[in-house]
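Structure, as structure tokens:
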Amino acid sequence: MANPATTEVVRPGSPRVRTTSRRSSSATRRRRTKALVYLAPALLIYTGFVIYPALNTIQLSFLDWDGVQAPTVVGLDNYAQIFQNPELYRSVLNALVLIVFFTVIPVAVGLVMTALLMGKVRRGMTFFRTVFFLPQVLPLVAVGITWRWLYAETGILNQFLSAIGLGSITRAWLGDYDLALYALGFIGTWVMSGLCMMLFLAGAQKIDPALYEAAKLDGAGPLRQHLSVTLPGVRPEITIASVITTIAALASFDLVFVTTDGGPANQTNVPALLVYRLAFTRGEVGTASALAIALTVLVVVFVTLIRRITREAS
């Protein structure tokens with residue numbers, strides 16, 4: 001008769017358990033050390049080019065410094081100027097207005113285009129994606145120069161308006177005191193709409209087709225399907241698009257610099273452009289640093305609000 005199998009019971013306090021535990025912890029330390037070695041170059045670069053400049057900017061925001069002479073500590077005076085100086089305060093308001101053109105309208109246009117392309121259009125999807133995504137491929141400097149030419153008094157836009165009998169409303173759009181900011185914002189709408197549409201299309205194509213079939217069986221039409229199936233399905237993409245476009249609106253510089261340079265009469269001034277002018281033209285490095293910090297806080301606040309709103313909606 002065969003001997004029954006014996007089982008060795010290893011108690012928690014036995015030498016074998018302690019040896020295995022030491023080997024496991026030693027292997028974990030080696031893996032962590034190896035990971036830190038691989039991450040060290042990136043961490044050094046990130047610290048030198050991101051963290052240190054950010055901390056230095058915070059320090060400079062409490063100083064009165066022209067970039068040459070010895071700085072003096074002024075405390076929160078530079079931050080107070082943001083709300084007391086009409087030029088600084090107006091630049092922040094202009095950035096908030098641009099959010100409507102860079103974020104709200106492009107997201108709405110992207111959702112409409114997604115509904116149309118996901119509904120009836122099947123052929124030519126690649127063509128539509130290429131055409132609408134093209135502004136994202138072009139450098140913003142080239143985009144700004146092109147639109148400055150289109151908006152000129154003798155540009156294509158005014159020529160078109162004159163051709164259809166609306167010559168009375170033609171003007172130098174980027175030089176108009178009341179309309180320059182809106183004309184600039186429309187450029188942002190043209191640039192950002194394609195990005196939003198591409199993100200929403202990518203999200204919509206991941207939605208289970210069975211959900212649309214179930215909605216059809218319940219009698220839902222195309223509009224109801226879009227509201228009840230597509231919109232909830234692309235909510236993560238809406239969040240991403242809103243965050244990206246909001247940051248682009250608040251931190252816009254190159255497009256404004258090329259098209260209007262903040263004019264006319266500072267009507268299109270934005271914080272990023274004003275930071276550049278204060279630091280490198282007027283020698284007010286402390287005020288420029290304070291405005292940069294305020295702009296960063298504003299971006300963080302808006303991004304946090306967007307993420308919280310979309311999380312609560314889900």
Side-chain angles (χ1 to χ4, degrees), residues 32-33 35-99 102-103 140-141 144 181 184 188 240 242-258 260-263 266-308:
R32 290 178 179 176
T33 302
L36 289 175
V37 170
Y38 284 115
L39 290 175
L43 289 175
L44 289 174
I45 294 175
Y46 187 80
T47 301
F49 289 93
V50 177
I51 296 179
Y52 174 75
L55 296 176
N56 192 37
T57 301
I58 295 175
Q59 179 184 5
L60 292 174
S61 66
F62 298 103
L63 305 176
D64 180 12
W65 187 42
D66 61 358
V68 179
Q69 299 179 357
T72 57
V73 179
V74 294
L76 298 176
D77 289 351
N78 291 328
Y79 291 95
Q81 286 191 43
I82 298 175
F83 301 98
Q84 296 175 357
N85 189 327
E87 184 182 15
L88 301 182
Y89 185 67
R90 181 58 187 268
S91 70
V92 176
L93 294 181
N94 289 342
L96 297 179
V97 172
L98 290 181
I99 292 178
F102 277 68
T103 303
L140 283 180
V141 173
L181 183 62
L184 176 64
I240 295 173
S242 300
V243 169
I244 293 175
T245 53
T246 299
I247 294 175
L250 295 176
S252 56
F253 169 79
D254 41 9
L255 189 61
V256 181
F257 183 78
V258 171
T260 64
D261 195 22
N266 295 325
Q267 283 297 100
T268 59
N269 235 344
V270 290
L273 179 62
L274 202 51
V275 167
Y276 168 78
R277 284 181 176 175
L278 290 172
F280 299 103
T281 303
R282 304 180 189 178
E284 301 178 20
V285 178
T287 306
S289 300
L291 185 58
I293 297 300
L295 178 60
T296 303
V297 172
L298 192 63
V299 170
V300 172
V301 169
F302 269 89
V303 170
T304 303
L305 287 176
I306 291 171
R307 297 186 63 181
R308 179 168 297 181

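Given the structure is predicted, the values throughout are model-derived calculations rather than measurements.
Across all their heavy atoms, P53 and G48 have their closest contact at CD-O, 3.4 Å. The minimum heavy-atom distance linking N269 with E87 is given by the pair ND2-OE2, 3.6 Å.
A distance of 13.0 Å separates CD1 of I293 from CG of L298, quoted to the nearest 0.5 Å. Taking CG from L295 and OG from S91, the interatomic distance works out to 8.5 Å, rounded to the nearest 0.5 Å. To the nearest 0.5 Å, the span separating OG1 on T33 from OH on Y38 amounts to 12.5 Å. To the nearest 0.5 Å, atoms CG (L184) and CZ (F102) are separated by 6.0 Å. One finds the CD1 atom of I82 at 9.5 Å from the CG atom of L274 (value rounded to the nearest 0.5 Å). To the nearest 0.5 Å, atom CG of residue D66 and atom OG1 of residue T72 are 9.5 Å apart.
A donor-acceptor distance shorter than 3.5 angstrom exists from the side chain of N78 to the backbone of L63, with no hydrogens or angles considered. At distances below 3.5 Å, not a single donor-acceptor pair connects side-chain atoms of T246 with backbone N or O atoms of V243. Checking side-chain atoms of T281 against main-chain N and O of L278 turns up no donor-acceptor pair under 3.5 Å.
In this structure, L76 and F62 have side chains that are in contact, with non-hydrogen atoms separated by less than 4.5 Å. Side-chain contact between E284 and R277 is absent, with no heavy atoms from C-beta onward closer than 4.5 Å. Looking only at side-chain heavy atoms (C-beta outward), V297 and V301 come within less than 4.5 Å of each other. At a threshold of 4.5 Å between non-hydrogen side-chain atoms, the residues I51 and L55 count as touching. Here the side chains of D261 and L273 are in contact, with some heavy-atom distance below 4.5 Å. Residues V270 and L98 form a side-chain contact, since some pair of their non-hydrogen atoms from C-beta on lies under 4.5 Å apart. Using a 4.5 Å heavy-atom threshold, the side chains of N94 and T268 count as separate. Annotation: side chain of T287 is not in contact with side chain of N85 (no heavy-atom distance under 4.5 Å).
S61 and S289 are not linked by any side-chain donor-acceptor pair at a separation below 3.5 angstrom, with hydrogens and angles left out of the test.
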Pair L93-V97, side-chain contact (heavy atoms from CB on, under 4.5 Å): steps then yes or no:
CA-CA 6 Å; L93 294 181; V97 172; 5.6 Å; no
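Aromatic ring pairs are classed by plane angle as parallel below 30°, tilted from 30° to 60° and perpendicular above 60°; the pair F257 and F253 is parallel.
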